[in-house]
Structures are given as C-alpha cells and as structure tokens.
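In what follows, chains are A, B, ... by sequence order, proteins preceding strands, each numbered from 1.
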Protein chains: 2
Amino acid sequence: MSTASLAFSGAGPIAAATRQRVLDAAAALDYSGPNPLGRQLRRGRSGIVGVVVGDSLRRSFRDPVAIQVLDGLVSTLGPLDLGVLLIPGSSDPSGPAVDPLLETAAMDVAVIMWGGTTDDPMLGALRRRGTPTVLVEGQHAPDVASVGIDDRGGMRQATEHLLALGHTRIATVTLPFDRCRGEGLVPPDEMDHLSWEITRRRLAGVTDAGVTPVAIWATPASLVEHGRSAGTALLTGPDRPTAIACQSDLLASGVVLAARELGLRVPEDVSVSGFDGLDLPWLAPDVLTTVVQPLAEKGAAVGHAVADFLSGAGPSTRELPVTLRIGTTTGPAPEVS
Amino acid sequence: MSTASLAFSGAGPIAAATRQRVLDAAAALDYSGPNPLGRQLRRGRSGIVGVVVGDSLRRSFRDPVAIQVLDGLVSTLGPLDLGVLLIPGSSDPSGPAVDPLLETAAMDVAVIMWGGTTDDPMLGALRRRGTPTVLVEGQHAPDVASVGIDDRGGMRQATEHLLALGHTRIATVTLPFDRCRGEGLVPPDEMDHLSWEITRRRLAGVTDAGVTPVAIWATPASLVEHGRSAGTALLTGPDRPTAIACQSDLLASGVVLAARELGLRVPEDVSVSGFDGLDLPWLAPDVLTTVVQPLAEKGAAVGHAVADFLSGAGPSTRELPVTLRIGTTTGPAPEVS
DNA sequence: CGGTGTCATCGAATCGATTTGAGGGACGGC
DNA sequence: GCCGTCCCTCAAATCGATTCGATGACACCG
C-alpha cells in the first residue's frame, strides 16, 4: 500500500518501473486513483476554497465585476490544486443569515466577495469554525486578510476630472447603502445608514475632491436598469446636474442610455463617469470615462492571500491601484444658460 | 461519542436535554461541529457537485445564460445540502484536455454545462472515475443524464415568424461550430465540421422551417461584440438580408447595434431575432424578438437530475419547452427595391 | 567479500467521524 | 414488584488514504 501511495502521489523515492507497474495494476483492477475523501482526511486539507458571492447568485453574476474577479481567482487557484466552492450569500433577510454551506462545508479558506460590515454574521460563523478568511472590498479586521483597490482615490480622480472640465453641478449615483435600502435620492440624515464599505469609500472620494454632490441617488444593485432609472430621475428633476459621477460602469451606462432617450447629448449636455473599467460594447461608439480597476489582478491577489494562509502565513492586506481612463462621455461643462 | 454524533446529526433517538448538554459541552470545548472531512469519508459522500463551466470562466460568465442556469442549479442544490464546485473547462487547446480538478476533486456528481461531443475527453475522465454525469445541451449518451430545451423547435418557430412577415433573404448568425473555429461566413463544405450539438440543433431549426439561409455566419462566442461584427459584415455585404436570425440574444443585440450604427432602421430595414429570452436593458426602448427558454427552470432541472442520481436512480432525460416572444425588432419585410 | 546506497515491502498508527450492538439506568404502567 | 420502553454509555469496526520505521533485496564500488 505504501508503494502504491507513493506511485500516485509522487512524493518519496520510487523507481519509474515500479510506478508503472503500480499504474498498470490499478488499471487492471479498475482503481482510478486515490479516493479524494481519504486523502483529504489524512492530509487535513480539502483543497477547497469557499467563495461567498453576493446576495443572490443571479444578481451578482449579472455583475461582470464579480465574474472577472472570480475568473482571476480561479485561474490563480488552479495551479495550486485548489478548487472554488460557490456559496450563495444571504439572499433574503427572512431566511438564515448564513448559508448552511458556510457552516458545514469542507473548506481550507473562505473568501467573501463584497465584504460587508465587520459584524457580518458570516464572519462570526467563519471565526467560530476557525476558517481563515479573505475579505474583498470590506472593512479591514485584524484576523482576516483583505484585498481591495484604491476606491477612494479613484473616485477622487474622476471627480477632479469633472471639476477640471468646469462642472459645478455634479450628482452621483451610488451602489447600495445597505442590504435593505431601495433606490432613490438619499436625504442627508440618512447618510449614516451606510453599512456598505465600498459605497462609503467611493462616496468619500467625491468629498475628497472638494465636491458636495447636488444629489445622491442610491441604487439597489449595480445594474444597467437601475442606472437608467437613476439617470431618468436626475436628468428630469429640478436643477439638472451637468455631470453625473457613478459608482459603477453598469450604472453609468444606464445613465448614458437614459440621457440619450431624453434627447440629451453626452457629453455636450451632460457628462457621465463610471467606475470599474468594463468593456461596454453596447455603448459603442462611445467609450465611457471611468476609473479602471485591475479585475483579474484583483482575483489573483485574492488567490495569493489564500496561498499565504495555506503556507502558514498570517492574514495579509493588499490594495491595488486604479487608473482614470478618459473616454468620450465626459466633456466641458455646458455654458450657463 | 455516539451520543455526540447523534446530537449533531439529529439521526436516531436523542432527548432534547441531552442534546443541549452535548451542544453546551461542545461550545465549552471550542468544538465547532463535526469535521466535514471525517463525515464525508465515513458517509462516502462529499456533498459536492462539480460543475464544468465553458471554455474560460471569464468568457462563459459573461454569458448571462450560463449564469442564470447556474443560479437555478445552486438554488435547487442548496436545500439538498449540496454545494457547487466550479471547474474550468479546457481553456486552451495546448494545455491538458481536462482540468485536474475533474480528475482529482471529490464530487458526487458532475455537471457539464454546454456539453460538447460524445467523445469529449471530460466524459471519458468522468466515466473512468465512475462519477455520475449530467450533460446540459449535449448529445445524448446512454450513461449520462441530459437536460436540454427544444432548441430545434424554437429556432423553427422564430424562422417561421420571419417567413410569415414576408422575409425571403434570411441570414443566420450562429454559436461556435467547434472549439477552434474563428468567426466568419461558413462555406457549405464546412458544414460538417460542426461539433457543437447546440449549434447544430438551432441550425436545423432554420432548415426545418424550410429556409436555406442566404448566409451563415459563425462566431467564436456568444458575445455582443461578435454579434456586432457579424451584423456589420452581413449588412454591408452584397445581397443584404432583410432578416437575421441569431442563435443567441447577445449576438442578436450586437446585430441590432450594428444595424443602428449603419443607419439601418430595425425592424423597417432589417428584422433581427434572438434566442434565450434575456433582459437586455441597453437595447431599450426596443424589445428583442426572441425564443425564450426557461433558464432558472433549466438549472432546477439539472438539480433534479443530480438528485435522481444521488437517490440511486439511473440517468434521466429532461427537455424543457421554449416560447417565441415577439418584440419590436422584427417586422414586415421591406418592399423589394 | 564487505560496505554503501537505492528502493520495495511490510506492519502499524493516524486523521475524525458514523454506526452498530450490547448493556444498563431511569421511569411509568399494571 | 415486575415488565417494558426509552435512551444514554461504552467498545469496536469501518471508511481510504498517508506516513513512519524497520527490514530486506539488489546492484555497484572498492
């Protein structure tokens, strides 16, 4: 048995001839390699990384950002012989706060995409199980690894770009504020109900540039249709903004579509900026002005954080840089009418 | 130990008081429930369903169809205490034909989205391991379960709709022919190199309606940009078609965008139909005429096929119906000029 | 021929749970 | 007081591999 084990695992000294003999015997006996379950138990490792994807799979998967990060992650994990187990986030508030998989599935490391708040019940569950955790775009905590980008600086750059073009009436369309909030204008007194770290940071970037938005519109998710309704509302309301800085590209492209439908020219009448740096073929021939984040690298960074844990290192923190890409959807502010 | 086991698993007779006593002791000892690895080994089940997603994660995840089916699958599998392990399909032809995960990962059942050909090396690997397999949109084989939709009938309906509108010059934009083929017109003698079952079926639907397409344009993937270049090519070429039947909604929306860019009116100058029934917010206010397939139900059907296997039943076959949704992108054929 | 190194073989412990059966304590019913 | 039921406790086998040490076979070198 020891020899067979060595023949399959390749660890330890074994002659090529013996190895082949073992493999032949295995084939003759219809033995298709070591049972992963036994191996995992013995090794104490499952080779599985649990990845919690946003509220609902469907919703978060319509989000190309999550997809591309996930792709970068899978590509990095593959060579390490690690697999990705999909774990749905808490879909509806009435059900259990954490998916049973998070409590019971075998996994060596957990990754939470779209990390929420520090007191997230998922973090509690993972801590209880002693599962090392990587948080993406979340609030930093001492015992979890973090991967993020310079949200704040990126949004500041985008806003400064608009300022430089002479815009003064700047509105902003944000990602969700918390799990429950619907869409619509955010009154000033509700600014504290902001439990999503990523929304907070990108909003702070606008302020950093010295801008107080003439309107803040929150959306329930980063989807084109929500951008469209946000754009329609903002552009038909009183005191129309001349520029709209959006917290995601999908939202921004919705705003652009809304503007076009209203007969407004982009960027002559209204400038629109996004965040993420996606390819948006349906906006052609326009190219969105946006803050480009390295999505695949972000996934790779998560992969490296996972690898750190597995090699015994403690939690690590990584922040990736962003760059402003100036497209055709932003231009000089229109003359005051 | 037996009592503790019963307390956690809930199987067998145990008094509520004892159960609580065990749970308290566990909490005091920092024991966070049974180790899944031990449990899995003993049970002989991992509770994991391996799902092979298209060529590249990035690419196939940009495909909303796969995402929504995956979502339906995860929703169905959750209550059964099953998790989904993501397995990348063979990304590049130079690398190994099957992902190592497929060979070594612990899984009770495997699912192949976008099932390819019968001699797919993945099927071979799974057969060798004795892993029950569910094939989605693939060629039926005796020992695997199949889930599919009425591709052929759906495409036939769409084509008949175009015929009824008086179109005679009908072109078609197809999904990939095989793993390697690039994009472009398909010469008649290459029609045999069609190794993708889904492409073949949808093409057959056109023929069933009695139509011989004036042009068949194959694409490397179901993406908006490929639809766009297909549309540009077909609409600027000689003998312009008056209707283009596409094998996916993303391709169709690319064709619509191309038409608009060329100054052609949809549907006055050219009619476009799709397949899938996605929401395409960026096409607004147009609504694509398309063959709607029940995506979430398709995922659920896969889940049931998986459940069948786990309950000891043999491979099952399911085919879901489709419906034609008539939108605003198809209209009467233009007068002959 | 002795010494050395390489590698196959054998036996046994271990990972952590599940499951079964035997045995026995507690309790209620008659 | 006896019997039956319910349920806890204890011991042991099992799932399938990995890993360690000891032993032995064999070839090669000096």
_Give the residues of residues 21-49 of chain B touching DNA chain D, defined as any heavy atom closer than 4.0 Å, sorted by residue number._
B:Arg21, B:Leu41, B:Arg42

_Integer-rounded Å distance: C:dT18 C1' and B:Met1 CE_ = 8 Å

*In whole angstroms, how far is the C1' atom of D:dC20 from the CG atom of A:Leu6?*
11 Å

*Are side-chain heavy atoms of A:Ser46 and B:Leu37 found at a separation under 4.5 Å?*
yes

_Selection from C:dT18, C:dG11, D:dC8 that lies nearest to any side-chain heavy atom of B:Ile14_ = D:dC8

_Nearest to side-chain heavy atoms of B:Ser5, which nucleotide of C:dA8, C:dT18, D:dC7_ = C:dT18

So, does [X] use its side chain to make a donor-acceptor pair with the main chain of [Y] at under 3.5 Å?
X        : Y        : answer
A:Asp308 : A:Ser316 : no
A:Ser9   : A:Ala7   : no
A:Arg129 : A:Leu102 : yes

_SB check A:Arg19 A:Asp24 (cutoff 4.0 Å)_ = no

*Taking 4.0 angstrom as the limit, do A:Arg127 and A:Asp120 come out as a salt bridge?*
no

*asked:* If the cut-off is 4.0 Å, is B:Thr3 near the phosphate of D:dT9, judged by side-chain N/O to OP1 or OP2?
replied: yes

*Closer than 4.0 Å, any side-chain N/O of B:Thr18 to the OP1 or OP2 of D:dC8?*
yes

*asked:* With ring-ring contact (aromatic ring centres under 6.0 Å, His included) as the rule and sequence neighbours excluded, what pairs involving residues 18-37 of chain A come up?
replied: A:Phe8-A:Tyr31

Output one line per pair: protein atom, nucleotide atom from nucleotides 22-28 of chain C, and distance, for all N/O pairs under 3.5 Å.
none

*Hey, does B:Ser2 reach any base, or is it just sugar-phosphate, or nothing, if we go heavy atoms under 4.0 Å?*
base

_Approximate separation, where rounding is to 0.5 Å, of A:Thr131 OG1 and A:Met107 CE_ = 5.0 Å

